Amino acid sequence: MVSPWIEGKAVLITGAASGIGAATAARLYARGARLLLTDVDAQGVERTAREIGPDVLALPADVTVLADMQRAVAHAVQRLRQLDVVWANAGIASFGPVAATDPAAWARNVQVNLVGAFNTVHAALPEIVRRQGHVAVTASLASFVNAPCMSAYSATKSGVEAMCNSLRVEVAHRGVTVGAIHPSWVATPLVSRGEESAAFRRLRAAMPPPLRRDMPLAEAAEQVARGICERRARVYVPGFVRLMRWLRTPLHSMLGERDMRRAMPQIEAAFAEDVAVHGTAGASMSERNPGRP
């Protein structure tokens, strides 16, 4: 299926080796986009590019290094002759109470999810402005619902939402659109690795029923692809996440936090058990985060 706007457009995607980045890239390609995929996982991103199509470009790059993102943009312009869409999708997760989590894991979350998004967008903006293109950034349901033991992830996803809100106004008069993408739980390697932690499982069990469910990857990727093709300011994946944006204040009232407060002693104890087995760094870091066994 070809989308009228995306057909022939050059798209740079970070964090594209697997998960929602790879699945959405395939759908954009099917709609006629030309792709440059980047990821810190060199073998993974090259494999994904081959699987999507013979003319899909792959480039290993680290979003925490501005020079890497500048190189990726230059590569896109050189090979694709233009850059119309940049999607800052690369992300990791860390888990644990603020008092007990590994400080390096917390800081690494900020570097990848927040600084990495800035580096990606900052490097691409001159070309995006020149083409009157579209900026997309992967935020999260966690932009609105800040769960315990996910302070780093929530802080970074709230941060990229705020960055998008500022940028959207800054570039509107230049014909550039900016979209924040807000997925809930999606069946990806990032989430499945989290499920190995008893503390993480107890946290999800304490959430309201709609916030516990994993969304199928294929369905999520289709919704994200559609949002990018339509240059939406916000993409909610699935649609109920839109409601969470408006409910963020009551969700963080005493009543809204009641079940989480009750569950917190068990979550804390389960995290301590994870630390005993894996060490503080191992219990805190996701699989995309260096240091976890």
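Since the structure is predicted, the reported quantities are computational estimates derived from the model, not experimental observations. The residues of the chain are indexed from 1 along the displayed sequence.
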Should Val11 and Ile6 be marked as a side chain to side chain contact (heavy atoms under 4.5 Å, CB included) after you check the CA-CA gap, both sets of side-chain angles, and the distance that decides it? CA-CA 9 Å; Val11 182; Ile6 204 69; 4.2 Å; yes
Begin from the C-alpha positions of Thr14 and Met69 and carry the test side chain to side chain contact (heavy atoms under 4.5 Å, CB included) through to its verdict. CA-CA 9 Å; Thr14 67; Met69 300 321 299; 3.5 Å; yes
Between Asp39 and Arg47, is a salt bridge (charged side-chain N to carboxylate O under 4.0 Å, His left out) present by the stated rule, with each step listed? CA-CA 11 Å; Asp39 202 288; Arg47 180 177 60 253; over 6 Å; no
side-chain hydrogen bond (donor to acceptor under 3.5 Å, both in side chains) between Ser284 and Thr101, intermediate numbers included: CA-CA 6 Å; Ser284 301; Thr101 196; 3.3 Å; yes
Go through the steps to decide whether Trp185 and Phe200 satisfy the test ring-ring contact (aromatic ring centres under 6.0 Å, His included), and finish with yes or no. CA-CA 13 Å; Trp185 305 108; Phe200 183 78; 5.4 Å; yes
For Leu125 and Leu167, what are the C-alpha separation, side-chain angles and deciding distance, and is it a side chain to side chain contact (heavy atoms under 4.5 Å, CB included)? CA-CA 10 Å; Leu125 263 181; Leu167 180 62; 3.9 Å; yes
Side chain to side chain contact (heavy atoms under 4.5 Å, CB included) between Val85 and Trp5, intermediate numbers included: CA-CA 11 Å; Val85 179; Trp5 183 77; 3.4 Å; yes
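Residues Glu273 and Arg202 are not paired through a salt bridge, judged by the lack of any N-O separation under 4.0 Å between the basic side chain and the carboxylate.
Looking only at side-chain heavy atoms (C-beta outward), Pro148 and Glu257 stay at 4.5 Å or farther from each other. Contact check for Glu268 versus Cys149: no side-chain heavy atoms found under the 4.5 Å cut-off. Residues Glu230 and His134 are not in side-chain contact: their nearest non-hydrogen atoms beyond the backbone lie 4.5 Å or more apart. Here the side chains of Ile267 and Met264 are in contact, with some heavy-atom distance below 4.5 Å. Between Val121 and Met163 the shortest side-chain heavy-atom distance falls below 4.5 Å. Residues Leu36 and Leu12 are in side-chain contact: their nearest non-hydrogen atoms beyond the backbone lie under 4.5 Å apart. Contact of the Ser18 side chain with the Asp41 side chain is not registered, since no non-hydrogen atoms from C-beta on lie closer than 4.5 Å.
Distance CG/Leu57 to CG/Leu80: 5.0 Å, rounded to 0.5 Å. The CD1 atom of Ile13 lies 12.0 Å from the OG1 atom of Thr120; values are rounded to the nearest 0.5 Å. Taken from CE in Met207 to CE in Met260, the straight-line distance is 4.0 Å, to the nearest 0.5 Å. One finds the CG atom of Leu247 at 13.0 Å from the CZ atom of Arg242 (value rounded to the nearest 0.5 Å). The line from CZ of Phe95 to OG of Ser151 is 10.0 Å long, rounded to the nearest 0.5 Å. Atom CZ of Arg27 and atom CZ of Arg226 lie 10.5 Å apart (nearest 0.5 Å).
Listed for the Asn113 side chain is a donor-acceptor partner under 3.5 Å among the backbone atoms of Ile92. When atom types are taken as modelled, the side chain of Asp274 and the backbone of Ala283 share no donor-acceptor pair closer than 3.5 angstrom. Thr156 contributes a side-chain N or O that, together with a main-chain N or O of Tyr153, makes up a donor-acceptor pair within less than 3.5 Å. In this structure, Arg81 contributes its side chain and Gln78 its backbone to a donor-acceptor pair below 3.5 Å. Using modelled atom types, one side-chain atom of Asn89 and one backbone atom of Gly15 make a donor-acceptor pair closer than 3.5 Å. Side-chain atoms of Ser143 come within 3.5 Å of backbone atoms of Lys157 as a donor-acceptor pair (strictly under, hydrogens ignored). Without hydrogens or angle criteria, Thr48 side chain to Val45 main chain gives no donor-acceptor distance under 3.5 Å.
Closest non-hydrogen pair, Ala136 versus Ile181, comes out as CB-CD1, 4.1 Å. Shortest non-hydrogen contact noted between Thr280 and Ala100 is CG2-O, 3.4 Å. In plain terms, the two heavy atoms of Leu83 and Ala124 that are nearest each other are CD2-CB, 4.0 Å. A pairwise comparison of heavy atoms in Arg248 and Arg245 identifies NE-O, 3.3 Å as the closest pair. Of all heavy-atom pairs spanning Ile20 and Trp87, the tightest one is O-CH2, 3.8 Å. When all heavy atoms of Ala206 and Ala263 are compared, the pair lying nearest together is CB-CB, 3.7 Å.
Residue Val171 is grouped with residue Ile128 when hydrophobic side chains (ILVMFWY) are merged at heavy-atom distances under 4.5 angstrom, including chains of intermediate members. Linking ILVMFWY side-chain heavy atoms closer than 4.5 Å, directly or via other members, places Phe118 and Val73 in a single hydrophobic cluster. When the side chains of ILVMFWY residues are joined at heavy-atom separations under 4.5 Å, either directly or via intervening members, Val98 and Leu114 end up in two distinct hydrophobic clusters. Under a hydrophobic clustering in which Ile, Leu, Val, Met, Phe, Trp and Tyr are joined whenever their side-chain heavy atoms come within less than 4.5 Å, directly or via other members, Val86 and Leu66 fall into different clusters. In the hydrophobic clustering of ILVMFWY residues, with side-chain heavy atoms under 4.5 Å counting as a link, Val275 and Val277 come out apart.
Screening Arg131, Lys9, Arg34, Arg231 against Asp84 for a salt bridge (charged side-chain N to carboxylate O under 4.0 Å, His left out) leaves a single residue, Arg131.
The neighbour count for Arg261 CZ, taken as heavy atoms of other residues, nucleotides or ligands under 6.0 Å away, is above 12. Counted within 6.0 Å of CZ on Arg79, heavy atoms from surrounding residues, nucleotides or ligands total 12 or fewer; the atom is thus considered open. Heavy-atom neighbours of Gln43 CD from other residues, nucleotides or ligands within 6.0 Å: at or below the threshold of 12.
Taking the six-membered ring for Trp and thresholds of 30 and 60 degrees, His182 and Tyr236 have nearly parallel ring planes, at less than 30 degrees apart.
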